[in-house]
Amino acid sequence: MGLKDFHKDKLWIEKTIDFYVECLDTGNIDGISGILEAAKDNLELELRIRQINEAYHEEEQITPIPPTE
């Protein structure tokens, strides 16, 4: 991956995370589902989503659901 592709990927992740947060705030289940599907193939996106989810859980004092394996 070249430097240009690296920055393009980073920009895509940032925009996707912004959209994910918007989807959470508005209850857009289809948007959330699509982003989670994309995260299956992108470790960095998956990690960022986990961070967002943890922050939401802390803010709302929600006990996180443990991942299933």
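Computed from a predicted model, the values in this text were never measured in an experiment. All values below were derived from every heavy atom in this structure, side-chain atoms included, with hydrogens, water molecules and symmetry-related copies excluded.
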- Nearest heavy-atom neighbours spanning Cys23 and Gly31: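 Looking at all heavy atoms of both residues, the closest pair is SG-CA, 3.8 Å.
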
- Query: Any chain of hydrophobic side-chain contacts (each under 4.5 Å) joining Ile52 to Ile32?
  - Reply: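 Yes, because Ile52 and Ile32 connect within a single hydrophobic cluster, where side-chain heavy atoms sit under 4.5 Å apart.
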
- Following the transitive rule for hydrophobic clusters with a side-chain heavy-atom cut-off under 4.5 Å over Ile, Leu, Val, Met, Phe, Trp and Tyr, establish whether Val21 and Phe19 coincide in one cluster.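 They do share one cluster, since a chain of ILVMFWY contacts under 4.5 Å joins Val21 to Phe19.
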
Give every donor-acceptor pair under 3.5 Å between a side-chain atom in residues 34-41 and any protein atom, sequence neighbours left out.
from  : atom 1 : to    : atom 2 : distance (Å)
Glu37 : OE1    : Lys40 : NZ     : 3.4

- Quick one: are Asn42 and Trp12 in side-chain contact, heavy atoms under 4.5 Å?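 In contact.
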
- Item | Verdict with supporting geometry, Asn53 and Leu24, side-chain contact (heavy atoms from CB on, under 4.5 Å) | CA-CA 10 Å; Asn53 289 344; Leu24 288 174; 4.3 Å; yes

- Partner residues of Asp25 under the side-chain hydrogen bond (donor to acceptor under 3.5 Å, both in side chains) criterion, sequence neighbours left out: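 side-chain hydrogen bond (donor to acceptor under 3.5 Å, both in side chains) check on Asp25 returns Tyr56.
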
- Message: Using 0.5 Å steps for rounding, measure from the CD1 atom of Ile49 to the CD atom of Glu44.
- Response: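 Rounded to the nearest 0.5 Å, the CD1-CD separation comes out at 11.0 Å.
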
- Item | Lys/Arg-Asp/Glu bridge criterion (N-O < 4.0 Å) met for Glu46, Arg50 |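 Yes, this pair counts.
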
